[in-house]
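Some notes on the structure that comes next.
Both ligands and their constituent atoms are indexed starting at 1 by order of listing.
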Amino acid sequence: MRMSRYYLPTLREKPSEAEIISHQYMLRAGIMRRLAAGLYTLLPLGNRVKLKVESIIREEMNRQGALEVFMPVVQPAELWQETGRWSVFGKELLRFKDRHDRDFCLGPTHEEVITDLVRNELRSYKQLPVNLYQIQTKFRDEVRPRFGVMRAREFIMKDAYSFDASWESLDESYQKMYQAYTNIFTRCGLTFTPVEADTGAIGGDVSHEFMVWAEAGEDGMAICESCKYAANTEKAEFKRITIDCPQVTPAAEEVHTPQVGSIEDVSAFLGVEPQRLVKTLIYRIDGERYVAFMVPGHRELNELKAMKAAGASEMEMASPYEVEEITGAPVGFAGPIGLKRPVTLIADHSLKGAKDMVVGANREDYHTIHVEVERDFSPHQYADLLLVEEGDLCPHCGEPMRIARGIEVGHIFKLGTKYSKAMNATFLDKDGKEQFFIMGCYGIGVTRTIAAAIEQHHDDKGIIWPISIAPFEVSIVATNVRKESILKAGEQLEKALEDKGVEVIFDDRDERAGVKFNDADLTGIPIRVTLGERGMAKGEAEVKLRREKDPVIVKVEEIPQKVMELREELFQEVRLP
Ligand code: ATP
Ligand code: MG
């Protein structure tokens with residue numbers, strides 16, 4: 001491919017809208033352009049990367065026996081009403097009417113459509129299991145689209161849905177997808193960890209997220225190096241903590257704590273360690289009742305655990321106005337004793353029987369000290385409410401865990417019969433009895449995977465693509481194309497490599513060498529061959545890996561062989577074991 005005829009608009013400046021490196025480089029390296037918030041066009045270079053990622057996904061999905069289909073983006077409301085998600089999904093679901101005034105939405109996911117297909121087509125256990133997948137555009141009207149294609153509104157997803165006749169069979173289908181995902185992300189050259197995850201709005205019970213390690217990731221993961229337990233921080237469990245508190249509690253007493261609201265301030269003011277202050281956080285549950293969650297002052301509430309403990313399907317922090325109504329004081333002084341309205345008190349396990357604690361007094365500028373849990377107040381319920389932190393002990397082996405940030409590129413779920421029951425999707429079992437399909441669903445963010453790869457593979461000059469997903473494998477940079485002999489040599493090399501099946505981009509533009517090197521670094525093609533005037537006069541050229549600093553000097557006639565060797569080495573790194 002000739003660069004002079006390619007559409008590869010690189011940018012020298014960092015675009016102001018780009019907050020993270022992948023977003024920045026995807027714009028600068030001519031991979032994509034923004035159309036509107038969360039909507040991007042992939043340019044020729046970006047589209048090549050997308051095709052590569054997709055073909056790796058296809059190969060691994062097919063290897064596990066999944067079958068590719070292609071479903072519509074536009075979905076009728078009736079299917080979503082059957083599962084109840086028409087009302088549950090909220091504003092992320094983009095809804096509209098057709099000319100006959102019928103309701104439709106743009107598919108954010110395809111459980112409804114696939115379940116509808118299968119219930120109309122598959123009748124017998126003999127036809128199971130099946131796993132159907134597609135690679136297709138999804139639309140989610142995200143509250144805060146950001147980071148380019150990392151959290152876009154329109155993006156490409158590979159989504160797969162398995163249908164099994166038994167739970168054991170679902171386990172096998174799930175395991176196959178776990179393997180497929182492991183293979184896919186390995187072949188994409190990513191460092192990743194599958195973590196236990198919450199099942200969220202999609203539903204079901206068992207689920208794993210595939211996390212690519214990156215500081216820019218929106219997700220946290222808790223990892224035990226010793227037994228390999230790994231979980232999303234939203235879901236992570238750990239051994240219960242204990243609070244270091246005195247043996248006896250003097251009589252409770254209200255004290256004046258003027259203008260100190262935060263845990264740090266109260267702690268400093270009273271000379272009491274944060275762990276002995278009880279944080280009381282008031283939430284409105286399912287829009288109707290209030291729950292106060294209590295955690296020790298040095299720890300954060302895990303809202304997901306809190307929701308589960310409260311049996312809530314929706315939960316929102318009470319507004320300052322509501323807090324004032326409930327406690328009789330502004331935010332910052334809530335406590336479990338003397339609330340003005342009925343509130344369910346749920347405390348973290350660590351607070352059970354805790355002695356000589358400090359709580360908010362439900363009165364402006366006052367706290368109550370010398371409070372003993374169970375003596376001065378009794379929660380209605382104890383639960384695990386804490387967000388995991390660095391150093392918390394693994395729930396399985398008791399070793400300290402570490403916390404790392406990651407990008408969720410894939411997510412697999414055991415759905416069970418949630419959708420088949422809601423949509424009455426059944427098959428006939430061995431005894432001719434109707435049974436609900438047992439389902440699983442499996443997603444990969446194709447465009448997000450591209451961004452994640454850049455987050456992991458770049459330097460201050462640009463992208464360093466893993467060869468398996470690089471838009472081109474080799475770039476040939478000719479430093480002076482006005483010189484006929486150099487241009488010719490470049491053309492010959494391009495042809496020689498292309499004949500061997502190598503994907504080559506030949507920078508034959510009439511530009512300064514510096515400009516070409518910068519573009520080559522920015523676009524991150526893994527292998528670079530430089531045909532310079534001085535070297536060529538001696539019959540030599542430079543061959544360099546993008547990730548390495550120094551080139552090797554190679555005789556012109558040996559370039560193809562050297563390139564093939566390096567290419568093989570790079571591919572070897574992303575092959576399955
Ligand atoms: P997140 O928690 O990041 O919003 P999710 O749990 O909503 O993700 P799933 O419904 O499991 O995501 O979708 C499957 C995959 O699709 C995700 O693992 C992710 O890679 C990708 N994905 C989801 N939302 C987006 C988005 N807004 N932009 C790009 N990719 C996305
Ligand atoms: Mg989401």
Side-chain angles (χ1 to χ4, degrees), residues 20 22-23 26 32 34-40 42 46 50 53-54 57 61 85 88-94 106-114 133-161 174 177-178 180-182 184-185 188 190 192-204 206-212 214 216-221 231-235 303-304 405-415 418-419 439-456:
I20 60 170
S22 56
H23 187 190
M26 286 179 86
M32 66 177 191
R34 178 180 180 274
L35 172 65
L39 306 180
Y40 290 87
L42 289 177
K50 163 189 168 277
V53 173
E54 289 179 351
I57 292 175
M61 292 299 291
R85 288 208 292 182
V88 173
F89 221 85
K91 288 198 167 170
E92 261 186 47
L93 191 63
L94 185 65
L106 289 185
T109 175
H110 279 70
E111 283 80 8
E112 280 80 359
V113 175
I114 198 88
Y133 78 97
Q134 64 174 345
I135 298 179
Q136 200 235 32
T137 296
K138 294 282 185 279
F139 191 93
R140 294 180 182 180
D141 203 353
E142 298 274 354
V143 199
R144 222 153 81 77
R146 57 189 179 143
F147 303 153
V149 290
M150 195 79 93
R151 182 163 299 283
R153 294 198 296 167
E154 186 175 313
F155 57 97
I156 301 167
M157 197 200 284
K158 185 287 299 171
D159 45 328
Y161 306 88
Y174 188 83
M177 287 300 103
Y178 191 101
Y181 279 39
T182 303
I184 288 164
F185 297 122
C188 288
L190 298 169
F192 64 95
T193 302
V195 305
E196 291 180 14
D198 186 71
T199 45
I202 305 267
V206 175
S207 133
H208 285 87
E209 286 166 344
F210 285 73
M211 296 282 199
V212 166
E218 291 183 289
D219 286 275
M221 42 185 175
N232 190 311
T233 47
E234 281 185 341
K235 149 116 187 171
E303 291 195 347
L304 220 61
R405 299 214 63 76
I407 299 165
E408 178 205 319
V409 287
H411 200 167
I412 58 178
F413 295 85
K414 285 188 190 172
L415 289 173
K418 177 175 164 151
Y419 293 91
M439 294 172 56
C441 76
Y442 317 90
I444 291 181
V446 175
T447 30
R448 186 183 284 183
T449 298
I450 297 173
I454 298 174
E455 287 297 329
Q456 260 185 5

Q) Less than 3.5 Å between some nitrogen or oxygen of G443 and one of ligand 1, yes or no? A) no
Q | From the candidates V409, I156, V149, D219, the one that places a heavy atom nearest atom 20 (O) of ligand 1 | A | V409
Q) Do any heavy atoms of T109 fall under 4.0 Å from ligand 1? A) no
Q.
Within the structure, is a non-hydrogen atom of E218 found at a distance of less than 4.0 Å from ligand 1?
A. no
Q) Considering residues at least two apart in sequence or located in another chain, which fulfil the side-chain contact (heavy atoms from CB on, under 4.5 Å) criterion with D159? A) H110, Q134, K138, M157, Y161
Q | Ion pair check, R153 and D141, cut-off under 4.0 Å | A | yes
(Q) Can you name the atoms of ligand 1, numbered from 1 with element, that are less than 4.0 Å from a heavy atom of G445? (A) 15 (C), 16 (O), 20 (O), 21 (C)
Q) Is the shortest heavy-atom distance from the side chain of M150 to the side chain of F155 under 4.5 Å? A) no
Q | For G410, atoms of ligand 1 separated by under 4.0 Å from a heavy atom | A | 18 (O)
Q. Which is it for D159 and ligand 1 at heavy atoms under 4.0 Å: side chain, backbone, both or neither?
A. neither
Q) Which option out of E408, R151, R140 puts a heavy atom nearest to atom 3 (O) of ligand 1? A) R151
Q. Aromatic rings Y174 and H208: how do their planes relate, parallel, tilted or perpendicular, breaks at 30° and 60°?
A. tilted
(Q) Salt bridge or not between R448 and E455? Use side-chain N to carboxylate O under 4.0 Å. (A) no
Q: Using a strict cut-off of less than 4.0 Å between a Lys/Arg side-chain nitrogen and an Asp/Glu carboxylate oxygen, indicate whether E54 and K158 qualify as a salt bridge.
A: no
**Q.** From E142, R146, E209, M157 - option closest to atom 13 (O) of ligand 1 by heavy atom
**A.** M157
Q) Aromatic ring centroids of F210 and Y442 under 6.0 Å? A) no
